[in-house]
Each structure stands twice: as C-alpha cells, then as structure tokens.
Enquirer: 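The structure follows.
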Protein chains: 2
Amino acid sequence: MPKQSTLATTESVDDYLKAILELGGAEASQVTTNALAGRLGIRTPSVTGMLQKLALQRPSLVVYEKHRGVRLTAAGKRRAWELVRHHRLLELFLHDVLKYSWDEVHEEAERLEHFISERFEDRVAAILGDPEIDPHGHVIPQKYEAGVLRDEVPLARWPLGTPATISSVSDRSAAALRELERLGLMPGVALTVERRNAAGSHSIRLGAHTEPIRVSSDLAACVLVAAPVTALS
Amino acid sequence: MPKQSTLATTESVDDYLKAILELGGAEASQVTTNALAGRLGIRTPSVTGMLQKLALQRPSLVVYEKHRGVRLTAAGKRRAWELVRHHRLLELFLHDVLKYSWDEVHEEAERLEHFISERFEDRVAAILGDPEIDPHGHVIPQKYEAGVLRDEVPLARWPLGTPATISSVSDRSAAALRELERLGLMPGVALTVERRNAAGSHSIRLGAHTEPIRVSSDLAACVLVAAPVTALS
DNA sequence: AGCCAATATTAGGCATACCTAATATTACAT
DNA sequence: ATGTAATATTAGGTATGCCTAATATTGGCT
C-alpha cells in the first residue's frame, strides 16, 4: 500500500497548503505572506502566525523563512496534491454525475474537498472511470502522486499567428467561466491569436471560423494554451 | 419560495440540534444534559455551556430550562430536520450511486451532511428520483418539512405470534447492520416473533421460512416493525 | 547613504468549542 | 425529614483561527 499522508489537518491548514502549492507554481518558488493573505482573503498577521505554527510542527508541512517566504515540505506537498486531486475529482463528479454547470462546480468542490474520505474518493474515481482531466482541462493527479506539469502557457504569451489549442482554463471565477463558454473558449478548442492591442485585448480566430472574436485581457488571463496535438503524437 | 432556515450554524451546533431532535422523539420531550453528553461524546459542562449559549441567541434555536432539559424551537426543528433530510439523502446516494454497502454510509453521511449546499441536495434528490426512504428504511423528510411519524414500534414490544414487517433499522452501528444483513433482517421483510426468553433474546420466523432464527436483545433493539401492509391499503 | 512605502512581524484580543475541578441541585430511598 | 448518589452548573483553562494596532524590516528610488 503506497504511503499516504497520515497527519490530520484542519480545513484552514488544508487551504494554506493548497494556496502555497498553487502560488509556488512549477518551480515551487517561495510564497510570500502577502500573496497568501490575498489568495486566502485574510490579514497578514494571521498568515504569519499560521506559517510559524506549521513550521514548528513535526513532521513539518512547510519550511518558513521570516520575511523571505514559505515552501512546502514533502509531507506538505503530498497533502496539497491530495486536496487538488479531491477538488478536481469532485468538480468532474459534480459536472458529469450531478449535472452542475462548469461555472458552479468550483465553490462546492472547494468546500467538500476537505471532508470526503478515501473511500468516497475511490468510489467517485471508479464511477468516473479514473479520469485524467477535470471540466476545466486541469490534470487530475494520480492517487498518492504529485501533479504532472504540461507544456501550457498563458494565452497572453502565445505568438501571434501560431495555431494553438486551449489546454485549460481557470476555475476561480464563475463569471469568467460563463463568458468563456459563451465565446466558445473551452479546453480542446483550436485557435489562433491574430492581434493584441496595447490594453491587452486579444483578437482571436477560433477553429474554422473566419471572423475573429474580441477577448479582454482579464478573460485571456484565464486561458492556458499549448501547441496542437498532431495526429502522430 | 418556502421560507427556510437562514441562520448560519456551525457543525457543532448542527450536531446538538440533531441530537435533541432524535433524543426528544415523537413527543419532543425535554432532553437532559446527560443524555446529550452521552449521545455527542462530550462532557456535561460543555453541553451546559453550549445550551446556554444557544438559548441566548436571537432567533433562538432551543428553549433551555436549567436542570430540567432542553427542547428545540421551531427554527431549531427546521434546521434539525434539514440535517436529517441531508443525512438520509446522502446515505441513499452513497448506497445507490457510489455503491457503498449499507453499513458504510452512516459515518460518511454524518460528516458530509453539514457541508452540502441546497444545490447539491436538490441534484442528489433529482438523481435519486425524490426518494421517500433511505437504505435503513427511514423516511426522508420532504424539503422544508418536518419528518413524518410512522406507526412503528421496537421489535422487543411486538406481540408474540403476530405477523409484522420490518419498518426500519438503526444506522448507528455498522457491526449491527452487518449482522442484520447476514440474518436477513432488513426493511420490508415479514416476520413473526415466536418466543422471547428472560435475557431478551428473540426467536423469530422470517417470511415463509419454517425454522426460526435467534436474535439477541441488542440486535433486536435496532429493529422497528409495523403491521404488514395489506393489499388494500 | 538616506528616505519612504510596502511588506511583515509582534503583541494583545475575540469567538468558538471543548476540557477539568469544584460546587450546587435534584430525586430517590429510607 | 434526611441522606446520598447522580445529575448539572459554575469557574477557570486550553487550542484553534482569525482580528487590529503598533512596530520592525525590506527593497527600491533618489
């Protein structure tokens, strides 16, 4: 049986761990107190206090350097990835089985992810056929494993005129998700960025359409793209 | 839109409300501090403190009488019945959709009942076809309504020789549920109590079986029965 | 090097929900 | 009516997780 996270964590601790994982990104950069406070919607003294507490625990979930930021330990990463897996499985389950729309699933998954058992996780995964992708195109980590990284970049950095496929979209803003759906900007969709203006607005041509659509910089910021998958790969 | 409970309650408060509802029974008897402490697994000073706090809230969830016990107010009953509905819907959902066995569902439902949204509740009810009964034979209250009472009595009080049908079984002991299943003592099953001995053990004949089975008093305590439903009713 | 705004920490506090120890009340038996 | 065991409350405490106010530190600009 693969070794798994055995520490009991509270909801708040879980939220900190996930936030550190997400803010730290692929390189697991140190995450600042201010960034965490912003992400979690709480004050910086509260963040400092919690990080100091977490750093003192044994085994420790974080490595905390005063004024310099925080990183997850191996144990912290395991729990954080477990929560990400729970979250993404729940999102897919809410969408495919309970027929939620894709802009409704995030909030409910954010709440439930802390409370489901391993049994529940396994049953949901079994019913969904051990899926690899959630409704927003995010990779669902394998059980007991860290997430994998994909060659996806923000739409804002994709070269003009070069074909791309939408890899994933952020699940954090329900309003943004509704607008993305309305415009047809969903995972798997092929597109080409034709123009960007000074304000960051994008002119984008979708698939076989001839008329480009206008996408605001805020909305573009929610989209990650990748090179199209060729038939040979 | 039916008026619903608008107070935000914590998990602990929810647990108190449900415990008071269940211990108070059909007549909504006053529930003692000691009974609540036993049911919730905490000390009596903690119960006293919480009941005093709940009684002071506006609108109040309980009516508390020092040394005499506690009852739910209308608002307290509404929230308590809502949790019962959540619990029973979740149990059926875990059983029918996620393929949990009937002895596994209680613990998971006990945890999740606090956190599901109204949306989740509605989707689950829709998928299950607005069911009326949970896997243990308990009535699932209608949304926004109190539970209904049925003419069911403990097996220990059913007259000898009189045909009965199992109405519901307690969901609190997983071991008891496994034993009940092994013996075939499940909701809907017809039976006749042939004999009781001084220790409370029952000799029971099931359905068309000719050989009676032996049921301990503890196990019998988990079973509620009713007169068989005739073809005319 | 010095200034200053932003970031971050420290100190003290509040609310929630439980604990133990000490004390008060109740109800039952005699 | 009295005694006593069980029930229940009061008083003070701990842990968790957030808050504000005051203070310290950092990094960028001049």
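The chains referred to below are lettered A, B, ... by the order of the sequence lines, with proteins before strands, and numbering in each begins at 1. It should be emphasised that the depicted structure is a prediction, and the values quoted were computed from it without experimental measurement.
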Enquirer: Does B:Trp102 have any ring-ring contact (aromatic ring centres under 6.0 Å, His included) partners at least two apart in sequence or in another chain, and if so, which?
Expert: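 Expected list: B:His136.
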Enquirer: Restricting to non-hydrogen atoms, name the atom on B:Leu89 and the atom on B:Val124 that form the minimum distance, rounded to 0.1 Å.
Expert: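 Closest approach of B:Leu89 to B:Val124: O-CG1, 4.1 Å.
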Enquirer: Taking only Lys NZ, Arg NE, NH1 and NH2, and the carboxylate oxygens of Asp or Glu, determine whether B:Glu118 and B:Lys143 approach each other closer than 4.0 Å.
Expert: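 Yes, charged N to carboxylate O under 4.0 Å.
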Enquirer: Check whether A:Tyr100 forms a cation-pi arrangement with B:Arg119 (NZ or CZ under 6.0 Å from the six-membered ring centre, at most 45° off the ring normal).
Expert: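 B:Arg119 over A:Tyr100 ring: yes.
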Enquirer: Would you say B:Gln30 has more than 12 foreign heavy atoms packed within less than 6.0 Å of its CD?
Expert: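 Enclosed: over 12 neighbouring heavy atoms sit under 6.0 Å from CD of B:Gln30.
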Enquirer: So, applying side-chain contact (heavy atoms from CB on, under 4.5 Å) with A:His106, which one of A:Asp171, A:Leu177, A:Asp134 is it?
Expert: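 Single pass found, and it is A:Asp171.
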Enquirer: Could you encode protein contacts along nucleotides 14-21 of chain C as a string, one character per nucleotide from 5' to 3', using B for base contact, S for sugar-phosphate-only contact and - for no contact, with a heavy-atom cut-off of under 4.0 Å?
Expert: --SSSBBB
Enquirer: What integer distance in Å separates A:Gln52:CD from D:dC18:P?
Expert: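 A:Gln52 atom CD is separated from D:dC18 atom P by 15 Å.
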Enquirer: With side chains defined as the heavy atoms from C-beta onward, is the minimum distance between B:Leu94 and A:Phe120 less than 4.5 Å?
Expert: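 Yes, at least one pair of side-chain atoms sits under 4.5 Å.
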Enquirer: Polar atom pairs between nucleotides 1-4 of chain C and protein, under 3.5 Å, N or O only, would you list them?
Expert:
none

Enquirer: Identify each atom pair where a protein N or O and an N or O of nucleotides 23-29 of chain C are less than 3.5 Å apart, giving names and distance.
Expert:
none

Enquirer: Kindly write out the residues that satisfy side chain to side chain donor-acceptor pair (under 3.5 Å) with A:Ser201, not counting sequence neighbours, or none if the list is empty.
Expert: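 So A:Ser201 forms no side chain to side chain donor-acceptor pair (under 3.5 Å) with any residue.
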Enquirer: Within this structure, what is the CG-to-C1' distance between A:Leu61 and D:dT16, rounded to whole angstrom?
Expert: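 So the two atoms are 15 Å apart, to the nearest Å.
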Enquirer: Could you check how far CG of A:Asn34 sits from P of D:dT25, rounded to whole Å?
Expert: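 It works out to 18 Å between those atoms.
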Enquirer: With B:Asp96, which residues qualify under salt bridge (Lys or Arg N to Asp or Glu O under 4.0 Å), at least two apart?
Expert: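 Salt bridge (Lys or Arg N to Asp or Glu O under 4.0 Å) check on B:Asp96 returns nothing, list empty.
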Enquirer: Compute the ring centroids of B:His87 and B:His138, then answer whether they are less than 6.0 Å apart.
Expert: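 Between B:His138 and B:His87, which both carry aromatic rings, the centre distance is not below 6.0 Å.
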